[in-house]
Asker: 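Handing you a structure now.
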Protein chains: 2
Amino acid sequence: MPAPGFIVTRRRSAETTRAAILEAARCRFSREGYEGAGVRDIAGDAGVDAALVSRYFGGKDELFAAVLELSAKPDELFYGAPEEFAARIAALLVRDPQDDAKMDCVLIMLRSASSPKAAAAIRQFIEARFYGPMVEWLGCADATVLSRLLGALMMGMGVTRAISPDLDLDAAGREALERKVEAILLAMLRPNQPVG
Amino acid sequence: MPAPGFIVTRRRSAETTRAAILEAARCRFSREGYEGAGVRDIAGDAGVDAALVSRYFGGKDELFAAVLELSAKPDELFYGAPEEFAARIAALLVRDPQDDAKMDCVLIMLRSASSPKAAAAIRQFIEARFYGPMVEWLGCADATVLSRLLGALMMGMGVTRAISPDLDLDAAGREALERKVEAILLAMLRPNQPVG
DNA sequence: GCCGTAAGTCAACAATTGATGACTTTTAAA
DNA sequence: TTTAAAAGTCATCAATTGTTGACTTACGGC
């Protein structure tokens, strides 16, 4: 806490502010999408001038691509045995707080999918960093087809929670939904077993 | 085809142009979302001046709400026995052309969910015209919870096809995916039967 | 045929957007 | 301490947004 009359100011460092902009952009993009998030808002959150965004990243497009690259952590999603995967992802989709960074890439994708400017970056990112690792983890013959099904449920839950974070359910309802999501995920991975 | 020197012009009618604006707006909103679709674009598609949008509907917000109200045809989605429902919806989600009006409400919802301006209208619409009829059709005890699961898969497929209409699959892959979606839908509705 | 009114057009508005170049401040090496 | 480059700020640009008011055109009852 500085004495009265003094102000706290961050030490000037290109790397630090670059990271601050990236973090603020990740937050804004995941909440408001590519179109909705303004460069001034992002810069404001990062505590820097809006001009620095264009300076450091070349433009909003490149910033968006950089955020996608940053928030791409598929190894945090696709691993483990089917049972463990189903339980973990179900908890992530239903229970986890919305601002959890793990789901950010999904949120960013779906919130920006309708923007023509972001579409190119989105498509490339999805294929390389979402479906790709998913298919590799699945490993089975129809992995590509199956990945669309899995991805749809994950993105769909993302949309649903984006619209209303508590899913318009009480605690018991969310608990029940988490069980259902877990069962369905497992059913997708093991098509020959009952869901119940 | 009019002779050279003559132009075709629509007969002046408030009702007709109102409908034309609504149709153009439905199309644009479902493709570009609330923020992405401009009033000038919509008016251009409808073949009228942009000023008429504000004139007839009061503003972009009200136009959006009117489009939601227009494209709300839940009775075209939620009916039939589980087997028939699963087959029909699977075809709709995987096979149908993207510009089919039946899925427009889903597309509009997900493409505009991130816009604060449209969020209020979206939430109200979803509850009243999507989850409501779905829960009523389901009829079972945990219908509300189940509706979130069903809705998530439907919206997720919508997002997926919004990003790449052909799902990045060949014809055989789409056929296989449609079977999988059908099986999963049925599994959601009948949790005690195997998926295979 | 005339004319009031509804329907449509046009120009312009204020606000916001992303981006740029000139300028000032800080930093760290010499 | 000096100084040159890096880092940050500011004012401003051009484009686009939704919206409004004044104007012009076309329709239908008299």
Side-chain angles (χ1 to χ4, degrees), chain A residues 2 6-25 28-29 31-67 111-112 114-121, chain B residues 2 6-25 28-29 31-67 111-112 114-121:
Chain A
F6 290 79
I7 55 166
V8 267
T9 171
R10 186 176 45 236
R11 194 178 181 85
R12 286 189 173 182
S13 152
E15 195 177 355
T16 303
T17 52
R18 210 186 128 94
I21 293 174
L22 267 177
E23 170 58 23
R28 285 276 181 178
F29 280 140
R31 280 168 177 71
E32 307 171 15
Y34 177 83
E35 313 251 24
V39 173
R40 285 173 176 80
D41 303 329
I42 294 172
D45 292 352
V48 301
D49 192 271
L52 288 188
V53 172
S54 287
R55 245 227 221 316
Y56 276 114
F57 296 91
K60 193 183 180 184
D61 300 10
E62 288 94 323
L63 174 62
F64 184 75
V67 167
R111 290 217 146 109
S112 308
S114 60
S115 166
K117 299 279 289 291
Chain B
F6 290 79
I7 54 165
V8 270
T9 170
R10 187 175 46 238
R11 195 176 182 83
R12 286 191 173 183
S13 152
E15 194 176 357
T16 303
T17 52
R18 210 186 129 93
I21 293 174
L22 268 176
E23 170 59 22
R28 284 277 181 178
F29 280 139
R31 280 169 176 70
E32 306 172 14
Y34 177 83
E35 313 251 24
V39 172
R40 283 173 176 81
D41 302 330
I42 295 172
D45 292 352
V48 301
D49 192 271
L52 288 188
V53 172
S54 288
R55 238 212 225 325
Y56 275 114
F57 296 92
K60 193 183 179 183
D61 300 9
E62 288 95 324
L63 173 64
F64 185 74
V67 168
R111 290 217 146 110
S112 308
S114 59
S115 166
K117 298 279 289 293

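Chain identifiers are assigned alphabetically (A, B, ...) following the order of the sequence lines, protein sequences preceding nucleic acid strands; residue numbering begins at 1 within each chain.
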Asker: Testing the basics here: between A/Val39 and A/Ala50, what is the closest heavy-atom pair and its distance to 0.1 Å?
Answerer: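 Heavy-atom minimum between the residues: CG1-O, 3.8 Å.
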Asker: Let's go through A/Asp61 and A/Tyr34 carefully: what are the C-alpha distance in whole Å and the side-chain angles of both, what is the deciding distance for side chain to side chain contact (heavy atoms under 4.5 Å, CB included) to 0.1 Å, and is it a yes or a no?
Answerer: CA-CA 9 Å; A/Asp61 300 10; A/Tyr34 177 83; 2.4 Å; yes
Asker: Return the minimal non-hydrogen interatomic distance between A/Ala37 and A/Glu32, and the atom names on each side.
Answerer: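 So the two residues come closest at CA-OE1, 3.7 Å.
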Asker: OP1 or OP2 of C/dG8 less than 4.0 angstrom from a side-chain nitrogen or oxygen of B/Thr17, does that happen here?
Answerer: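 B/Thr17 to C/dG8 OP1/OP2: side-chain N or O found under 4.0 Å.
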Asker: Between D/dG8 atom C1' and A/Arg18 atom CZ, what is the distance in whole Å?
Answerer: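 Those two atoms, CZ and C1', are 16 Å apart.
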Asker: For B/Ile42 and B/Ala24, work out which heavy atoms get closest and say how close.
Answerer: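 Looking at all heavy atoms of both residues, the shortest contact is O-CB, 3.5 Å.
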Asker: Atom OG1 of B/Thr17 and atom CG of B/Asp49: how far apart are they, to the nearest 0.5 Å?
Answerer: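 The CG atom of B/Asp49 is 11.5 Å from OG1 of B/Thr17, to the nearest 0.5 Å.
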Asker: Using a 4.0 Å heavy-atom cut-off to protein, can you give one letter per nucleotide of nucleotides 10-20 of chain D, 5' to 3': B if the base is in contact, S if only the sugar-phosphate is, - if neither?
Answerer: B-B----BBBB
Asker: Classify the angle between the aromatic ring planes of B/Phe29 and B/Phe64 as parallel (below 30°), tilted (30 to 60°) or perpendicular (above 60°).
Answerer: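 Because their plane-to-plane angle is over 60°, the rings of B/Phe29 and B/Phe64 count as perpendicular.
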Asker: Using whole Å, report how far OH of A/Tyr56 lies from P of D/dA6.
Answerer: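 Answer to the nearest Å: 11 Å.
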Asker: Angle between the end axes of the helix from C/dG1-D/dC30 to C/dA30-D/dT1, five pairs per end, to the nearest 10 degrees?
Answerer: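 Between the first-five-pair axis and the last-five-pair axis there is 0°.
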Asker: How would you list, by chain and number, every residue that makes a side-chain hydrogen bond (donor to acceptor under 3.5 Å, both in side chains) with B/Glu23, sequence neighbours excluded?
Answerer: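 B/Glu23 satisfies side-chain hydrogen bond (donor to acceptor under 3.5 Å, both in side chains) with B/Arg26 once adjacent residues are dropped.
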Asker: Nearest whole Å is fine: how far is D/dG28 P from B/Glu15 CD?
Answerer: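 The distance from CD of B/Glu15 to P of D/dG28 comes to 13 Å, rounded to the nearest Å.
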Asker: In whole Å, I'd like the distance from the CD1 atom of B/Ile21 to the C1' atom of C/dA7.
Answerer: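 That distance rounds to 11 Å.
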Asker: Nearest heavy-atom pair of B/Ala118 and B/Ser112: which atoms, and what distance?
Answerer: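 Of all heavy-atom pairs spanning B/Ala118 and B/Ser112, the closest is CB-O, 4.0 Å.
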